[in-house]
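Structure record follows, encoded as structure tokens.
Note on naming: letters A, B, ... go to the chains in the order of the sequence lines (proteins, then strands), and numbering restarts at 1 for each one.
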2 protein chains.
Amino acid sequence: MKNTRITLKDLAKDLNLSASTISRALGNHPAISASTKKRVQKKAEELGFVPNSIASSFRKKRTQTIGVIVPRIDIHFHSLVISGIEEFAYNNGYNVTIFQSKDLLKREKEIAKTLQNKMLDGVIVCLGIETKSCDHFKKINKLGIPLVFYDRVPTDFDANKIVINDFESAYLATEHLIKNGCKQIGHISGSQTTNIFKARLEGYKAALKKYNLPIEESLILFTNSLSYEEGVQCAETYLKSSLKPDGIFCANDYTAVSVIQVFRKAEIKIPEDVAIVGFSNYPISKIIEPHLTTINDRAFQMGEAATKLLIRQIEEKDDSITSETITLKTELIIRESSTRS
Amino acid sequence: MKNTRITLKDLAKDLNLSASTISRALGNHPAISASTKKRVQKKAEELGFVPNSIASSFRKKRTQTIGVIVPRIDIHFHSLVISGIEEFAYNNGYNVTIFQSKDLLKREKEIAKTLQNKMLDGVIVCLGIETKSCDHFKKINKLGIPLVFYDRVPTDFDANKIVINDFESAYLATEHLIKNGCKQIGHISGSQTTNIFKARLEGYKAALKKYNLPIEESLILFTNSLSYEEGVQCAETYLKSSLKPDGIFCANDYTAVSVIQVFRKAEIKIPEDVAIVGFSNYPISKIIEPHLTTINDRAFQMGEAATKLLIRQIEEKDDSITSETITLKTELIIRESSTRS
DNA sequence: CTGAAAGCGCTTACAG
DNA sequence: CTGAAAGCGCTTACAG
């Protein structure tokens with residue numbers, strides 16, 4: 001049963017043709033006559049010929065495979081991005097091989113190293129949380145393998161990047177709260193070593209400034225990972241604080257949800273007493289009551305855009321790899337948690 | 001810059017050794033002297049030698065790569081399974097290539113076909129919702145490629161399967177409701193063309209029988225995809241119905257959450273008036289109020305178990321591929337939505 | 001302990 | 001329109 005895969009040679013012998021002709025016929029080469037092509041295709045079908053794409057990859061030095069490094073697959077944002085990557089890749093004849101760094105720098109480095117063996121046609125990366133420098137990716141570039149980063153992108157490194165405009169998104173979210181009558185707006189922020197959270201904080205501050213509202217440092221709370229649990233703690237901090245917010249822009253949806261729940265338990269009305277905006281448009285934002293106003297962070301599109309850019313670079317004839325940064329437009333999704341009539 | 005990858009031959013020339021020796025030294029072959037190994041490794045490092053694993057795969061007819069076909073990556077259950085697969089594979093030196101069938105039979109067939117080219121060492125599959133027959137996977141078996149199904153597994157086909165005990169889990173969930181004093185227990189079920197939902201329905205019925213409770217057909221509601229929206233409809237159906245449940249076992253967490261929300265809006269107390277149990281332990285189950293009692297469906301472990309079984313079959317010397325079915329133990333996670341003191 | 005040789009299954013430049 | 005030949009970069013059975 002096993003090892004009975006037939007090869008071009010077998011087909012050639014069977015048809016009294018050369019392997020070259022078989023190869024070309026199956027590859028739909030223009031120089032081959034239609035009748036030969038038909039004969040070859042028929043026989044291939046008949047014998048159950050399965051081309052060995054490893055042999056082909058080896059010969060052509062093209063694997064038609066894209067490597068993807070994500071912190072974790074089971075984080076909804078990343079699974080959406082991967083879905084976008086897979087979809088675009090599939091439609092363009094590429095496969096996708098997945099690696100999880102688990103947010104561990106050590107593991108990210110290991111992966112970056114083994115990736116070089118794999119003869120991948122290109123690589124898409126979202127950096128892990130521990131990663132400060134990107135030296136371990138420079139080698140991939142040196143080997144001429146196109147590389148695209150998304151979301152958490154390097155700063156020490158002139159590379160292809162797909163990002164959203166975190167600053168502007170945060171600005172719009174905060175402005176929306178202001179326009180709904182909030183005067184004392186708080187912010188729950190993520191780790192300041194991560195650029196996107198820095199940018200969201202800055203966008204929030206910029207909106208306050210623009211509308212001549214004071215920036216109250218006591219209303220700005222920092223978390224490590226924007227977890228649900230940390231959100232609960234932040235909410236309790238607000239409750240105990242002397243200066244109370246009448247609106248809160250949260251840097252993700254989990255913390256926004258936890259604030260809503262803690263506040264409601266404390267008989268604070270959302271959005272009447274406090275209006276809430278989250279970030280990312282997680283599924284839960286449409287389920288929590290009141291439904292959460294949030295930012296659509298275009299995860300799926302990010303995957304598509306990364307893959308599109310990557311494939312373009314793979315297939316471009318000239319070797320001059322240029323770096324591009326694509327900023328996707330986000331969208332403020334207005335729901336009940338922030339809407340005061 | 002590009003195409004400057006050095007090969008074994010280059011190293012050999014540089015060191016005045018044969019390519020065979022270089023290959024063996026790098027592969028840590030026992031016949032090579034320690035001093036030679038050191039020399040080779042040092043030089044390899046020095047010249048930045050990156051082995052071409054495609055050439056190696058081609059030669060060895062082993063790609064160290066596992067293919068995974070899932071309906072969708074962005075469904076939390078599957079992303080958890082994939083995470084388990086990737087983790088186990090990574091720790092055992094295998095890569096993971098992902099394909100999404102999008103629950104489309106046509107696409108699943110396409111993927112199954114192209115998979116055969118890829119010389120994958122093994123394949124893990126969760127069938128799409130449209131799939132009734134598995135003929136398109138039989139060829140993979142015939143080629144001697146080990147194959148493991150998980151969750152949605154074939155019935156027309158003697159294959160390796162990783163499943164949970166849906167019947168027993170449903171039985172336990174229902175029994176739990178009974179023990180919490182429920183007398184009229186409803187069930188929200190999924191598509192009856194899918195075995196796991198059939199089994200959950202049967203487990204629910206079996207528990208009722210066991211405890212001499214009547215099976216009221218009007219309390220059993222069917223949905224297509226157990227979506228949140230369908231859950232809302234089911235909840236409304238219950239509200240309008242003459243026979244009202246005092247407990248509901250939902251075949252997933254989304255419908256359970258929607259029922260909780262609709263009922264609470266209708267001033268029905270959870271769990272006092274109606275106790276609710278879900279299925280899958282989605283993140284939302286810990287967030288919804290009251291927290292949802294549910295079944296931990298062991299998604300991550302399913303991925304690990306599938307990969308473990310697959311790799312065992314890949315690495316087993318003898319060709320006699322046997323079929324194994326592994327049933328993972330689930331766990332009833334008791335939270336507030338069902339707990340009457 | 002090391003080397004020469006063959007070959008994995010394709011593709012493609014060259015020749016006709 | 002078709003074929004002969006070379007070769008991609010490894011690995012491994014065989015020989016010494």
Give [X] one of three labels, base, sugar-phosphate or nothing, depending on what nucleic acid heavy atoms sit under 4.0 Å from its own.
X       : value
A:Ser56 : sugar-phosphate
A:Ser57 : nothing
B:Ser33 : sugar-phosphate
A:Ile54 : nothing

Roughly how many Å is it from [atom1] in [X] to [atom2] in [N], rounded to a whole number?
X        : N      : atom1 : atom2 : answer
B:Lys13  : C:dA4  : NZ    : P     : 14 Å
B:His29  : D:dA13 : NE2   : P     : 9 Å
A:Lys37  : D:dC1  : NZ    : P     : 8 Å
B:Leu143 : C:dG9  : CG    : P     : 14 Å
A:Asn117 : D:dT11 : CG    : P     : 11 Å
B:Asp10  : D:dG9  : CG    : P     : 9 Å
B:Lys9   : D:dC8  : NZ    : C1'   : 9 Å
B:Ile32  : C:dG3  : CD1   : C1'   : 10 Å

(message) Here's a test of your reading of the structure: between B:Ser23 and A:Arg24, which maps to the more 5' nucleotide of DNA chain D?
(response)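 Its nearest nucleotide being more 5', the pick is A:Arg24.
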(message) Using every non-hydrogen atom in the two residues, find where B:Thr63 and B:Lys118 come nearest and quote the distance to one decimal.
(response)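 Of all heavy-atom pairs spanning B:Thr63 and B:Lys118, the closest is CG2-O, 3.9 Å.
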(message) If you compare all heavy atoms of B:Ile162 against all heavy atoms of B:Met302, which two are closest, and at what distance to 0.1 Å?
(response)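 Shortest heavy-atom separation between B:Ile162 and B:Met302 comes out as CG2-CG, 3.7 Å.
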Taking the side chain of [X] as its heavy atoms from C-beta onward, which of [options] lies nearest to it?
X       : options               : result
B:Thr36 : D:dC10, C:dC1, D:dA5  : C:dC1
B:Phe49 : C:dC10, D:dC10, C:dT2 : D:dC10
A:Ser20 : C:dT2, D:dG9, D:dA4   : D:dA4
A:Thr21 : D:dG3, C:dC8, C:dA4   : D:dG3
A:Ala55 : C:dG9, C:dG3, C:dT12  : C:dG9

(request) Quote, to the nearest angstrom, the P distance that separates C:dC10 from C:dC14. (result)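 Straight-line distance between the two P atoms is 24 Å.
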(message) Centroid distance below 5.5 Å plus an interplanar angle below 30 degrees: do A:Phe58 and C:dC10 meet both conditions?
(response)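 Stack criterion not met.
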(message) Any side-chain N or O of B:Thr7 below 4.0 angstrom from OP1/OP2 of D:dG9?
(response)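 Looking at the OP1 and OP2 atoms of D:dG9, neither is under 4.0 Å from any side-chain N or O of B:Thr7.
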(request) Give a yes/no on whether any side-chain N or O of B:Lys61 is located under 4.0 angstrom from OP1 or OP2 of C:dG9. (result)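 It does, given that an N or O in the side chain of B:Lys61 lies less than 4.0 Å from OP1 or OP2 of C:dG9.
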(message) Heavy-atom nearest nucleotide on DNA chain C for B:Arg59 versus A:Lys60: which residue maps closer to 5'?
(response)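 Checking each residue's closest nucleotide, the 5'-ward one belongs to B:Arg59.
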(request) Please figure out whether B:Pro30 or A:Ser53 has its closest DNA chain C nucleotide nearer the 5' end. (result)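 First, find each residue's nearest nucleotide; the 5'-ward one identifies B:Pro30.
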(request) First locate atom CZ of B:Arg107, then atom CD1 of B:Ile111, and finally report the distance between them rounded to the nearest 0.5 Å. (result)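 Answer rounded to 0.5 Å: 5.5 Å.
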(request) Look up atom CZ in B:Arg5 and atom NZ in A:Lys142, then write down how far apart they are to the nearest 0.5 Å. (result)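 Answer rounded to 0.5 Å: 14.0 Å.
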(request) Measure up the B:Phe137 and B:Phe149 rings against each other and bin them: parallel (under 30°), tilted (30 to 60°), perpendicular (over 60°). (result)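 Answer is perpendicular, since the angle exceeds 60°.
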(message) Strictly by Watson-Crick or wobble contacts shorter than 3.5 Å, is anything paired with D:dC1, and which nucleotide is it?
(response)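 Across any shown strand, D:dC1 pairs with C:dG16.
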(message) Do B:Phe88 and B:Ile311 have side chains that approach each other closer than 4.5 Å (heavy atoms only, starting at C-beta)?
(response)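 Touching, per the 4.5 Å side-chain cut-off.
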